[in-house]
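Take a look at the structure set out below.
Only a predicted model underlies this, so the values are computations on that prediction, with no experimental measurement involved. All chains are named by letter (A, B, ...) in the order of the sequence lines, taking the proteins before the strands, and each is independently numbered beginning at 1.
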Protein chains: 2
Amino acid sequence: MQLSNTSKYTIRILAYMVNHKDTGPISAKELSENLTIPYKFLTKIMTELTRVGFITSTRGREGGFQFLREASKITIADIMELFNDAIKDEACILGIESCNSKKKCAMHDQWIKSKVQLQKMFKESTIENIAGKGDKI
Amino acid sequence: MQLSNTSKYTIRILAYMVNHKDTGPISAKELSENLTIPYKFLTKIMTELTRVGFITSTRGREGGFQFLREASKITIADIMELFNDAIKDEACILGIESCNSKKKCAMHDQWIKSKVQLQKMFKESTIENIAGKGDKI
DNA sequence: ATTTAATACTACTTTAAGGTGGTATTAAAT
DNA sequence: ATTTAATACCACCTTAAAGTAGTATTAAAT
């Protein structure tokens, strides 16, 4: 019952990028060192984030990554979606295919309540608005 | 962001057992067939549930499994705990070791709210009280 | 006693996530 | 032109969860 490492890393990466967006492209090296994320794994993530258009990359010396989509338009839910980590509407907590409001699993009602609240939270949390919060850790 | 298959299976198994507790021991075969859980994987789970004292087993013909601990004393949180699936109090959603109320990660406040609600839900849901609910699916 | 139907145990295979290594490509700085 | 510091790509390794296979043990029914 937790996020994938890939989603966790991505959130921290993008939040870091918001907090350092004035000084030109940010390199994978800087991100890896400051966020203690394995370099090679991080570059794989960055390439993917570039591919889907969250960020752009500039190759070569002085290159790195910058936002393409506005940070206020990227939600935690978007990131979870990207890495197949999302809580889908139809997802049954007991993994039952045919579970829905007409034919419920044993935990349906409890779970619906929690699920809606979680989904809302993840959807309302944008990279922009979390980046300012929290301490530098 | 979901339960492990092992936890999902266990919840369904124990709920089924509550709903069929009058007719003596329930065999792994019956559980496997009625819940469409792979037989061999299910027996592994049953052995574990026996080992930790949720249920007892009787070997040999006419044998099977029965509750040892009362179903009203087994919560979803207990099951998640057993299979290393629990949402621990100190668990940071971004996976940061040193994250706590004094030194917060960027998502700390949002997550705390959801986390508390989830933990409460899982703790208050006992096998006994979910077993009666839902449709037979 | 033997058969049958059950659990228990041990070891293996498969799958997906997480992580690593090496090389090609790119572009600024020299 | 060459060096240097960056991303991109491709293939591999590791780990843990999920699932499978075979055999030993147990006890009721015959």
Side-chain angles (χ1 to χ4, degrees), chain A residues 1-13 17 20 23-68 79-80 82-86 94-95, chain B residues 1-13 17 20 23-68 79-80 82-86 94-95:
Chain A
M1 207 62 188
Q2 54 170 340
L3 295 183
S4 66
N5 278 5
T6 312
S7 293
K8 289 177 189 171
Y9 288 158
T10 299
I11 296 166
R12 292 173 53 221
I13 290 164
M17 284 178 67
H20 296 76
T23 51
I26 301 172
S27 71
K29 184 159 181 280
E30 174 179 350
L31 291 166
S32 166
E33 286 171 356
N34 285 292
L35 299 170
T36 45
I37 298 170
Y39 177 78
K40 279 292 195 175
F41 193 51
L42 180 134
T43 58
K44 230 203 277 194
I45 294 174
M46 299 312 281
T47 301
E48 177 65 6
L49 296 179
T50 304
R51 201 188 59 76
V52 299
F54 285 9
I55 58 180
T56 46
S57 65
T58 6
R59 282 185 167 197
R61 198 165 168 165
E62 307 288 292
F65 303 93
Q66 280 170 296
F67 278 100
L68 179 57
I79 293 167
M80 291 168 69
L82 179 58
F83 297 114
N84 244 315
D85 217 9
L94 301 184
Chain B
M1 207 62 187
Q2 53 170 340
L3 294 184
S4 66
N5 279 5
T6 312
S7 293
K8 288 178 189 170
Y9 288 160
T10 300
I11 296 166
R12 292 173 54 221
I13 289 164
M17 285 178 67
H20 297 75
T23 52
I26 301 172
S27 72
K29 184 160 181 281
E30 175 179 349
L31 291 167
S32 166
E33 286 171 356
N34 285 292
L35 300 171
T36 44
I37 297 170
Y39 177 76
K40 280 293 195 174
F41 193 52
L42 180 135
T43 58
K44 230 202 279 195
I45 293 174
M46 300 312 281
T47 302
E48 177 65 7
L49 296 178
T50 304
R51 200 187 61 74
V52 298
F54 284 9
I55 58 180
T56 46
S57 65
T58 6
R59 281 184 166 200
R61 199 164 168 166
E62 308 288 293
F65 303 93
Q66 282 171 296
F67 277 100
L68 178 58
I79 293 166
M80 291 169 68
L82 179 57
F83 297 114
N84 243 315
D85 219 8
L94 300 184

Provide, to the nearest angstrom, the distance between the [atom1] atom belonging to [X] and the [atom2] atom belonging to [N].
X: B:Lys44; N: D:dT20; atom1: NZ; atom2: C1'; value: 9 Å
X: A:Lys29; N: D:dT7; atom1: NZ; atom2: P; value: 11 Å
X: B:Phe41; N: C:dC12; atom1: CZ; atom2: P; value: 19 Å
X: A:Met1; N: D:dA17; atom1: CE; atom2: C1'; value: 17 Å
X: A:Met46; N: D:dC9; atom1: CE; atom2: P; value: 14 Å
X: B:Leu42; N: D:dA17; atom1: CG; atom2: C1'; value: 16 Å
X: B:Ile45; N: C:dT7; atom1: CD1; atom2: C1'; value: 15 Å
X: A:Glu30; N: D:dA6; atom1: CD; atom2: P; value: 10 Å

Discussion item. Restricting to side chain to side chain contact (heavy atoms under 4.5 Å, CB included), what partner residues turn up for B:Asp85, sequence neighbours left out?
Written reply: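 Only B:Leu3, B:Ser4, B:Ser7, B:Met80 meet the side chain to side chain contact (heavy atoms under 4.5 Å, CB included) criterion with B:Asp85.
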Practice prompt. Tell me, please, which residues at least two apart from B:Thr56 pass side chain to side chain contact (heavy atoms under 4.5 Å, CB included).
Written response: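 Side chain to side chain contact (heavy atoms under 4.5 Å, CB included) list for B:Thr56, sorted by chain: B:Gln66, B:Leu68.
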Check: residues 39-48 of chain B side-chain donor-acceptor pairs under 3.5 Å, at least two apart:
{"unit_1": "B:Thr43", "atom_1": "OG1", "unit_2": "B:Lys40", "atom_2": "O", "d": "2.9"}
{"unit_1": "B:Thr47", "atom_1": "OG1", "unit_2": "B:Thr43", "atom_2": "O", "d": "2.9"}
{"unit_1": "B:Glu48", "atom_1": "OE1", "unit_2": "B:Arg51", "atom_2": "NE", "d": "3.0"}
{"unit_1": "B:Glu48", "atom_1": "OE2", "unit_2": "B:Arg51", "atom_2": "NH2", "d": "3.0"}

Worksheet item: For DNA chain C, whose closest nucleotide is more 5', that of A:Phe83 or that of B:Ile26?
Response: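 The residue whose closest nucleotide sits nearer the 5' end is B:Ile26.
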Fill in: First of A:Leu3 and B:Phe65 reached from the 5' end of DNA chain C, by closest nucleotide
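Nearest nucleotide further toward 5': that of B:Phe65.
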With rounding to the nearest 0.5 Å, note down the distance linking [atom1] in [X] to [atom2] in [Y].
X: A:Thr36; Y: A:Leu31; atom1: OG1; atom2: CG; answer: 11.5 Å
X: B:Met17; Y: B:Ile26; atom1: CE; atom2: CD1; answer: 5.0 Å
X: A:Thr10; Y: A:Asn5; atom1: OG1; atom2: CG; answer: 10.0 Å
X: B:Asn34; Y: B:Ile13; atom1: CG; atom2: CD1; answer: 12.0 Å
X: B:Thr6; Y: B:Leu82; atom1: OG1; atom2: CG; answer: 9.5 Å

Item to complete: Using heavy atoms and a sub-4.0 Å distance, could you list which residues of residues 4-11 of chain B are near DNA chain D? By number, please.
Response: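 Within this stretch, B:Ser4, B:Asn5, B:Thr6, B:Tyr9 sit under 4.0 Å of the strand.
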Can you see if the side chain of [X] gets near the phosphate of [N] - specifically, an N or O under 4.0 Å from OP1 or OP2?
X: A:Thr43; N: D:dT7; value: no
X: A:Thr58; N: D:dA6; value: no
X: A:Thr47; N: D:dT7; value: no

Discussion item. Suppose we screen for salt bridge (charged side-chain N to carboxylate O under 4.0 Å, His left out). Which residues come up paired with A:Glu33, at least two apart in sequence or across chains?
Written reply: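 Result, salt bridge (charged side-chain N to carboxylate O under 4.0 Å, His left out) vs A:Glu33: A:Lys29.
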Worksheet item: Taking only residues two or more places apart in sequence, or in another chain, which ones meet A:Glu30 in a side chain to side chain donor-acceptor pair (under 3.5 Å)?
Response: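 Side chain to side chain donor-acceptor pair (under 3.5 Å) check on A:Glu30 returns A:Tyr16.
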Worksheet item: Which sits closer to the 5' end of DNA chain D, A:Tyr39 or B:Asn84, going by the nucleotide each is nearest to?
Response: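 Closer to the 5' end of DNA chain D: A:Tyr39.
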Discussion item. Once ring-ring contact (aromatic ring centres under 6.0 Å, His included) is applied, what residue pairs with a partner in residues 45-66 of chain B remain, sequence neighbours excluded?
Written reply: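 Qualifying pairs: none.
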Discussion item. Just to be sure I follow the notation: if a pair is Watson-Crick (purine N1 to pyrimidine N3 plus N6-O4 or O6-N4) or a G-U wobble (N1-O2 and O6-N3), each under 3.5 Å, what dot-bracket string does DNA chain D give, with | for pairs to another strand?
Written reply: ||||||||||||||||||||||||||||||
Practice prompt. Sugar-phosphate means primed atoms, P, OP1 and OP2; the rest is base. With that split, encode nucleotides 22-30 of chain C 5' to 3' as B, S or - using protein heavy atoms under 4.0 Å.
Written response: B--BBBBS-
Discussion item. Give me the atom names and distance for the closest heavy-atom approach of B:Pro38 to B:Ser32.
Written reply: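 The answer is C-OG, 4.2 Å.
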